[in-house]
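The structure appears below as structure tokens.
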Amino acid sequence: QVQVVESGGGLVQAGGSLRLSCTASGLTFDEYAMGWFRQAPGKEREGVSCINWSGSLTAYADSVKGRFAISRDNAKNTVYLQMSSLKPEDTAVYYCAPWKGPHDYCLRSGAVKFRYWGQGTQVTVSS
């Protein structure tokens, strides 16, 4: 049974930083690409950043490029999202999901394409 657990969200002022973590179990972690998504109230869930199985390839949505950094530690079955220079428009519930396929799939496909989700972690950026 695949389980995904996100953590690290919170309330931060604009310009601040947060690091999110996502741990996946019940799968062979280093066989899967991983991605971060977010969903703001009234909006669809959107891909934010993706990383391939080894961590050698990453991809970012234009809205976060240069501010967010994705990484992974396969020994810990964990993927991270370091978020810097946060803006109020980054406010959302952040989720992660695993998949087998191209590393940038999370930016090219709708959220319905992904089978496994965690409960999400809330990020709120105040102005």
Original post:
Can you find a heavy atom in the side chain of S17 that is under 4.5 Å from one in the side chain of Q82?
Top reply: yes

**OP:** Report yes if the side chains of S54 and D30 come closer than 4.5 Å at any heavy-atom pair, otherwise no.
**Re:** no

Subject >> Side chain proximity check, L107 to C50, heavy atoms < 4.5 angstrom >> reply: yes

Original post:
Between G35 and C106, what is the shortest heavy-atom contact and its length?
Top reply: CA-SG, 4.3 Å

Original post:
Between R45 and Y95, is NZ or CZ placed under 6.0 angstrom from the six-membered ring centre and within 45° of the ring axis?
Top reply: yes

**OP:** Check whether any side-chain heavy atom of T91 sits under 4.5 Å from a side-chain heavy atom of Q122, and report yes or no.
**Re:** yes

Original post:
Is there a donor-acceptor pair closer than 3.5 Å between any side-chain N or O of R38 and the backbone N or O of A92?
Top reply: no

Original post:
Do the side chains of L86 and L20 join up, straight or via other hydrophobic residues, at under 4.5 Å, putting them in one cluster?
Top reply: yes

**OP:** Mind listing the closest non-hydrogen atom pair of D104 and A59 along with its distance?
**Re:** CB-CB, 3.9 Å

Original post:
Going from CG on N52 to NE2 on H103, what distance comes out if it is rounded to the nearest 0.5 angstrom?
Top reply: 7.0 Å

Subject >> Trace of the side-chain hydrogen bond (donor to acceptor under 3.5 Å, both in side chains) decision for T23 with T78 >> reply: CA-CA 4 Å; T23 301; T78 300; 3.1 Å; yes

Subject >> F37 and W117 aromatic centres sub-6.0 Å >> reply: yes

Original post:
If two hydrophobic side chains count as joined below 4.5 Å and joins carry through other members, does V4 share a cluster with Y94?
Top reply: yes

Subject >> Carboxylate-amine/guanidinium contact D90 K87, below 4.0 Å >> reply: no

**OP:** For residues L27 and P98, determine if any side-chain heavy atom of one lies less than 4.5 Å from a side-chain heavy atom of the other.
**Re:** yes

Original post:
For Q119 and V5, which heavy atoms make the closest approach, and how far apart are they?
Top reply: OE1-CA, 4.0 Å

Original post:
Just checking, R72 and F29: is the charged tip under 6.0 Å from the six-membered ring centre and within 45° of the axis?
Top reply: yes

**OP:** Taking all non-hydrogen atoms of both residues into account, name the closest pair between A61 and G47 and its distance.
**Re:** CB-O, 3.7 Å

Original post:
Is there side-chain contact between C96 and M34, with at least one heavy-atom pair below 4.5 Å?
Top reply: yes

Original post:
So, W99 side chain and P102 main chain: donor-acceptor pair closer than 3.5 Å or not?
Top reply: yes

Subject >> I70 with L18, same ILVMFWY side-chain cluster at under 4.5 Å >> reply: yes

Subject >> Hydrophobic cluster membership, V125 vs M83, 4.5 Å side-chain cutoff >> reply: yes

Original post:
Which value, rounded to the nearest 0.5 Å, describes the distance between R67 atom CZ and S85 atom OG?
Top reply: 7.0 Å

Subject >> K100 to Y32, cation-pi by 6.0 Å centre distance and 45° axis angle >> reply: yes

Original post:
Taking all non-hydrogen atoms of both residues, which atom of V79 and which atom of W36 are closest, and how far apart?
Top reply: O-CZ2, 3.7 Å

Original post:
Can F114 be reached from Y60 by stepping across I, L, V, M, F, W or Y side chains whose heavy atoms are under 4.5 Å apart?
Top reply: no

